[in-house]
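Working notes for the structure below.
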Amino acid sequence: MNTQLEDIVSLAKRRGFIFQGSEVYGGLAGTWDYGPLGVTLKRNIINLWWRIFVESRDDMYGVDAAILMNPKVWQASGHVDTFTDPLVECSECKGRFRADKIDTSKCPTCGKAGTFGEPRQFNMMFKTNVGPVEDENSVAYLRPETAQGIFTNYKNIVDTLYPDLPFGVAQVGKAFRNEISPRDFIFRSREFEQMEIEYFVHPDKWQESFDALLADIHAILESLGLPKDKIHELDVPENDRAHYSKRTIDIEFDFPIGREELLGLAYRTDFDLSNIQRVSGKNIEYTVKGTNEKFIPHVIEPSFGVERMVMAVLSSAYREDEINGEKRIYLALPEHLAPVKYAVSPLLKNKPELVAKAREVYECLKKKHRAVMWDDNGNIGKRYRRQDEIGTPYCVVIDFDSFEDDTVTVRNRDTTQQTRTSITDLLS
Ligand code: ATP
């Protein structure tokens, strides 16, 4: 179906997935807060990623580096000089835009033609000062990517664990970019989260690791329930790639806002490690065990944005249908991502014996699945509507028959079918 962005934004707010950042004070552009259901959905996505890319493999190591880093990191990496977007300002309404994202012949806000001058390069890193003195020497940046926290720890990992090549280092964490025009809900935020891997390889063997990681990326996108026909590989042509990259594939996704970048996979050669060696003066070479072969490893980088994953998952799961002539909205989330797996309720909340029995079932299910919600608000129809919008796969209702034969009604979110199931089967 053709999902509109407004449908996703409105459901996310209505049901407590995602709110505008600082909403009570009128908001802060480009920031978003995750509510009770959103935080669980986001964690489920991150945990799945970590399980697949780190925990279930022998060749991956995790790090969690500080967000504030020595400014030399961003000088060596090129961010201080080149992490820029072209900015144009309208001389009429003073609106500021990214020159490469609009038609600059006419201002998109005031509609006046010919109001833009030449673009100037705007650095997207947020600056701050470390310590009590605010001067040139105390400048630090909020990291615009998690990758550099991996590169700066590369030597620590080799010195402590000495893994055989190829091996990867993974990190999940916040990144900050002072985007000129944050837009499209969480798609382009000023504060967001990344899940990144730097996979270190022998320079002659980059291609096989690149291909293997590309296959792993497709596998995780499938586990996230993203439809194959909405996923596209864009082999980025040489003149659009960073100068150090020998190959980059952007994975694009058909979002409600159109086809846009979901994540990237880049072969970054030895650019980052060589820069660290040059600027720090420390030897970064890797020595192959039992030999004298030494070189600076090359790197393959899969770089995922958590917000874009959340948006892809929400927009693929969003469904509308009609039940008994009434419009229904539901989220067909894969069970392992759903923030609530089971909602449990008594048929009537003013019958203490029903409530007590339902509580018993609830406690047992909660012990087993944790993500179980007690829901006795409104009538059963309203509870189903609410749970459908949250994406809860199963609603369990305890009624008077439950006393007769120890069964409950289990209602399936996608089919709306209700089946009688024995409590023993439900809990086994
Ligand atoms: P774009 O071209 O859309 O600005 P990018 O090429 O600058 O993205 P990268 O620097 O490759 O992005 O960052 C890696 C990933 O981080 C992106 O694929 C995306 O998922 C995520 N990302 C980057 N910028 C943002 C942002 N402003 N808000 C949310 N996610 C982002």
Within the 4.5 Å heavy-atom criterion, are E191 and R177 side-chain neighbours or not? no
Under the 6.0 Å and 45° cation-pi test, does R328 pair with Y330? yes
Trace of the side-chain contact (heavy atoms from CB on, under 4.5 Å) decision for M195 with V306: CA-CA 7 Å; M195 307 186 279; V306 175; 3.5 Å; yes
Is any side-chain heavy atom of L214 less than 4.5 Å from a side-chain heavy atom of I249? yes
Tell me, do T3 and I8 make a side-chain contact under 4.5 Å, heavy atoms counted? yes
Output, in order, the C-alpha distance, side-chain angles, deciding distance and verdict of salt bridge (Lys or Arg N to Asp or Glu O under 4.0 Å) for R247 and D235. CA-CA 8 Å; R247 191 163 182 215; D235 215 325; 2.8 Å; yes
Could you walk me through whether D254 and H232 pass the side chain to side chain donor-acceptor pair (under 3.5 Å) test, one step at a time? CA-CA 8 Å; D254 294 325; H232 311 277; 2.8 Å; yes
Aromatic F187 / basic R308 pairing, under 6.0 angstrom, 45° off normal: yes
Whether K42 engages the ring of Y34 as a cation-pi pair (distance to the six-membered ring centre under 6.0 angstrom, angle to the ring normal within 45°) should be assessed. yes
Are P393 and E335 packed together at the side-chain level, in the sense that at least one heavy-atom pair is separated by less than 4.5 angstrom? yes
Counting C-beta onward and ignoring hydrogens, is there a side-chain heavy-atom pair between F116 and K106 closer than 4.5 Å? no
If every non-hydrogen atom of I284 is compared with every non-hydrogen atom of L273, which pair is closest and at what distance? CG2-CB, 3.8 Å
F200 ring center within less than 6.0 Å of Y286 ring center: no
Minimum heavy-atom distance N156-T160, with the two atoms named: O-OG1, 2.6 Å
Hey, what do you get for CD (Q387) to SG (C395), rounding to the nearest 0.5 Å? 5.0 Å
Exercise: do E23 and Y25 side chains pair donor with acceptor under 3.5 Å: no
Got a salt bridge between K155 and D159, using NZ or NE/NH1/NH2 to carboxylate O under 4.0 Å? yes
What is the minimum heavy-atom distance between N178 and F122, and which atoms define it? O-CE2, 3.2 Å
Between Y154 and D272, does any side-chain donor sit less than 3.5 Å from a side-chain acceptor? no
Y342 ring center near Y394 ring center (under 6.0 Å): yes
Identify the heavy atoms of G62 and V54 that sit nearest to each other, and give their distance. N-CG1, 4.3 Å
At their closest point, which heavy atom of L262 faces which heavy atom of L221, and how far apart are they? CD2-CD2, 4.1 Å
Is the F271-H243 ring centre distance short of 6.0 angstrom? yes
I need the L142 CG to R190 CZ distance, nearest 0.5 Å. 13.0 Å
Taking the inter-plane angle between the rings of F53 and W49 on a 0 to 90° scale, is it parallel (under 30°), tilted (30 to 60°) or perpendicular (over 60°)? tilted
To the nearest 0.5 Å, what is the distance between CD1 (I52) and CZ (R57)? 10.5 Å
Only one of F185, F17, F19 passes ring pair (Phe, Tyr, Trp, His ring centres under 6.0 Å) with W32; say which it is. F185
Does some side-chain heavy atom of I380 sit less than 4.5 Å from a side-chain heavy atom of S345? yes
Atom NZ of K246 with >12 non-hydrogen neighbours under 6.0 angstrom: no
How about L68 and T128: do any of their side-chain heavy atoms sit closer than 4.5 Å? yes
Any luck finding a side-chain donor-acceptor pair between T409 and Q418 under 3.5 Å? no
Applying the side chain to side chain contact (heavy atoms under 4.5 Å, CB included) test to R411, which of T392, V397, D388, T419 qualifies? D388
If we ignore angles and hydrogens, is there a donor and acceptor under 3.5 Å between the side chains of R98 and S181? no
For the pair E196 and S303, evaluate side chain to side chain donor-acceptor pair (under 3.5 Å) and give the outcome as yes or no after the intermediate values. CA-CA 5 Å; E196 295 196 297; S303 175; 2.5 Å; yes
K174 charged N/C atom sitting above F192 aromatic ring, 6.0 Å / 45°: no
4.5 Å side-chain heavy-atom contact, V396 and Y362: no
Less than 3.5 Å apart, any donor N or O on the side chain of H79 or Q148 sitting next to an acceptor on the other? no
